[in-house]
Amino acid sequence: MSTPLTQARIAMWSGPRNISTALMRAFENRPDCTVVDEPFYAHYLKETGIEHPGREAVLRSQPISAKAVAQQLLAPLPQDRPLQYQKQMSHHLLPSVPRDWMKQVTHCFLLRDPRAMIASYVRTRPEITLSDIGIAQLSGLFFQVAEEQGKPPVVMDSDDLLRDPERMLRALCHRLDIRFYPEMLSWPEGPRDSDGAWAPWWYKNVERSTGFEPRPAFDGTLPAELEVIAEQAVELQEKMAVYKINAEDQLS
């Protein structure tokens, strides 16, 4: 049995289009947890100048200063909700983002088949680079965290989660030494106050959801220019995937 929490913070890092919002829903449905949705997004857009859907709304909705964001992430948590879940995008972690705050957070990594991720991403933003999908940044952060803590951090494959939500969530909670709540398996339909300002462009599917649902089948075929990006992403991701948890981890 996990011990009662005092103050704990989990940063779940992933690329885009990776059921990361659905997983945020699962954690928000816990009675002990608050969630933070992509806190460095505005800083990322300001620093890079990249045009994303809803760019101006995002810039207005969050602090631009990465230092201010980091301070917010370490602010005291509500006494009745001592767990914080941070939905973090790896490509948002620019060199301008401070790193000291990260020492006070448990880092986890969420993976998805890069080809399927790319196919989903380009439906909303057609022109992309390897940097846009965050795999290189995710890999770099993974091995940095592994070196600092002397062991690989938790890695979960989103397809494994969709195939067996309860057992994979139990395994994740077991590895994080937190209690599993059945409430993580379903949630009310609709938007959340905690959703980022970018939700109207990216969250339509999850707003209709009430739990983890199978993805539409993907045949693995991409245009040639996207396949070049996918091949690079697959090579990087395979080095992390060897450490991913499985449903049996809850029994160890």
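What you are looking at is a predicted structure, and each value in this text was computed from that prediction instead of being measured. Just so it is clear, the values below take in all heavy atoms, side chains as well, and ignore hydrogens, waters and symmetry mates. Along the sequence shown, the residues carry numbers beginning at 1.
Residues that satisfy the salt bridge (Lys or Arg N to Asp or Glu O under 4.0 Å) test with R163, not counting sequence neighbours, are D160. For E235, there are no side-chain contact (heavy atoms from CB on, under 4.5 Å) partners at least two apart in sequence or on another chain. Qualifying ring pair (Phe, Tyr, Trp, His ring centres under 6.0 Å) partners for H91, counting only residues two or more places apart in sequence or in other chains: Y44. For S65, the side-chain contact (heavy atoms from CB on, under 4.5 Å) partners are K67, A68, not counting sequence neighbours. T221 is linked by a side-chain contact (heavy atoms from CB on, under 4.5 Å) to D219, counting only residues two or more places apart in sequence or in another chain. With sequence neighbours left out, the side chain to side chain donor-acceptor pair (under 3.5 Å) criterion links R208 to N205. Scanning for salt bridge (Lys or Arg N to Asp or Glu O under 4.0 Å) contacts around E227 gives R115, with sequence neighbours left out. Partners of H52 according to the side chain to side chain donor-acceptor pair (under 3.5 Å) rule, which considers only residues two or more places apart in sequence or in another chain, are Y41. Looking at residues two or more places apart in sequence or on another chain, you find a side-chain contact (heavy atoms from CB on, under 4.5 Å) between R192 and R25, E28, W187, P188, S194, D195. R17 pairs by the salt bridge (Lys or Arg N to Asp or Glu O under 4.0 Å) definition with nothing, not counting sequence neighbours. Partners of D113 under the salt bridge (Lys or Arg N to Asp or Glu O under 4.0 Å) rule, at least two apart in sequence or in another chain, do not exist in this structure.
Sorted by first and then second residue, the ring pair (Phe, Tyr, Trp, His ring centres under 6.0 Å) pairs with a member in residues 219-244 read F142-Y243; sequence neighbours excluded.
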